[in-house]
Amino acid sequence: MSALPRAFYDRPVLDVAPELLGCVLAHGHTSGVIVETEAYHFTEPACHAFVGVTPRTAVLHGPPGTAYVYRSYGIHALFNAVCEPAGVAAAVLIRALEPLDGIPEMIARRGLTREEDLCSGPGKLTQALGIELHLNGGDLRTGPVRILAGEPRRYVAGPRIGITKATELPWRFSVAGSRFVSRPWPRP
DNA sequence: CATGGGATTGACT
DNA sequence: GTCAATCCCATGC
């Protein structure tokens, strides 16, 4: 499997977010298939880059295909892939994985054994893969954290989770029928 | 320099 | 269903 090229990320974030479903996020000996994503764009207030360029959002304004990792609620590291050309701040939050490689290592880090619970949330998957803040800004093709090409998946879209602003935008995407998503979808 | 608010999770009523 | 944990950083004085 090969790493996604920079050009994959150098596009509108609403195109990239659903196409990341089915691709593989890898760190060290652990990896998983991406089954849930959310898009964020500087033009809407839920995006950290809405406030402009600050030390925190510098990576978001940088070149596409890099990792944006930040601490949430003082406890969890959340992982994003930076998209769109440098100067256009946007990112895809990876919200859930289907565990692939290194499952015993994930179980040890998480202290749980059910595969559905290892990576079914943005804070859970970073813990399972050992992704921490120092990986912020890394190149997703050549760095310690990589995203590898995969097969396109059928998906569903809906509102983003856990935010208080711009909640009306249907910018959450997940693989149709996956049991590894962070939150279930309402009945069709 | 002090303050306040989270792109969450897990434990508990 | 409710709620605390915990820390980076944006904002305002």
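Per chain, numbering begins at 1; letters A, B, ... match sequence-line order.
The side chain to side chain donor-acceptor pair (under 3.5 Å) contacts involving residues 115-133 of chain A comprise A:R71-A:E132, A:R110-A:Q127, A:R114-A:D117, A:E116-A:R179, A:S120-A:K124, where partners must be two or more places apart or lie in separate chains. Residue pairs meeting the ring pair (Phe, Tyr, Trp, His ring centres under 6.0 Å) criterion with at least one partner in residues 115-151 of chain A, sequence neighbours excluded, are absent. Under the side chain to side chain donor-acceptor pair (under 3.5 Å) criterion, the residue pairs touching residues 49-62 of chain A are A:T54-A:T57, with sequence neighbours excluded. For the ring pair (Phe, Tyr, Trp, His ring centres under 6.0 Å) condition, no pair includes a residue of residues 20-43 of chain A, sequence neighbours left out. Contacts classified as salt bridge (charged side-chain N to carboxylate O under 4.0 Å, His left out) and involving residues 76-87 of chain A (residues at least two apart or in different chains) are not found. Residues in residues 142-168 of chain A take part in these salt bridge (charged side-chain N to carboxylate O under 4.0 Å, His left out) pairs, two or more places apart or across chains: A:E44-A:R160.
Here A:R160 lies out of heavy-atom contact (under 4.0 Å) with every strand. Within the nucleic acid shown, A:R183 has no heavy atom closer than 4.0 Å to any nucleic acid atom.
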Item to complete: Take A:W171 and A:L14 through the test side chain to side chain contact (heavy atoms under 4.5 Å, CB included) and record every step on the way to the result.
Response: CA-CA 7 Å; A:W171 287 6; A:L14 288 179; 3.6 Å; yes
Fill in: Derivation and outcome, side chain to side chain contact (heavy atoms under 4.5 Å, CB included), residues A:T113 and A:L118
CA-CA 8 Å; A:T113 56; A:L118 293 178; over 6 Å; no
Worksheet item: Going through the distances and angles, do A:L25 and A:F79 end up as a side chain to side chain contact (heavy atoms under 4.5 Å, CB included)?
Response: CA-CA 10 Å; A:L25 178 65; A:F79 174 86; 3.7 Å; yes
Worksheet item: Using Watson-Crick and G-U wobble pairs with both distances under 3.5 Å, what is the 5'-to-3' dot-bracket string of DNA chain C, with [ ] for crossing pairs and | for pairs outside the strand?
Response: |||||.||||||.
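For CZ of A:R6, the number of neighbouring non-hydrogen atoms (other residues, nucleotides, ligands) closer than 6.0 Å is greater than 12.
Between the side chains of A:T30 and A:E105, no donor-acceptor pair is found at a separation under 3.5 Å.
Remark: nothing in residues 19-37 of chain A comes within less than 4.0 Å of DNA chain B through any heavy atom. If you check residues 119-131 of chain A against DNA chain B, the residues with a heavy atom closer than 4.0 Å are A:G121, A:P122, A:G123, A:K124, listed by number.
When side chains are defined from C-beta on, A:T66 does not count as touching A:L140, because their heavy atoms never get closer than 4.5 Å. With a 4.5 Å cut-off on side-chain heavy atoms, A:L97 and A:V35 do not count as touching.
No side-chain donor-acceptor contact under 3.5 Å links A:E98 to the backbone of A:I34.
Checked against ring pair (Phe, Tyr, Trp, His ring centres under 6.0 Å), A:F173 has the following partners two or more places apart in sequence or in another chain: A:Y155.
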Discussion item. Counting primed atoms plus P, OP1 and OP2 as sugar-phosphate and everything else as base, spell out the protein contacts along nucleotides 1-10 of chain C at 4.0 Å heavy-atom distance: B, S or - for each nucleotide, 5' to 3'.
Written reply: ----BBB-SS
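From the 5' end on, the contacts that DNA chain B makes with chain A at under 4.0 Å to a non-hydrogen atom open and close at B:dG6 to B:dG10.
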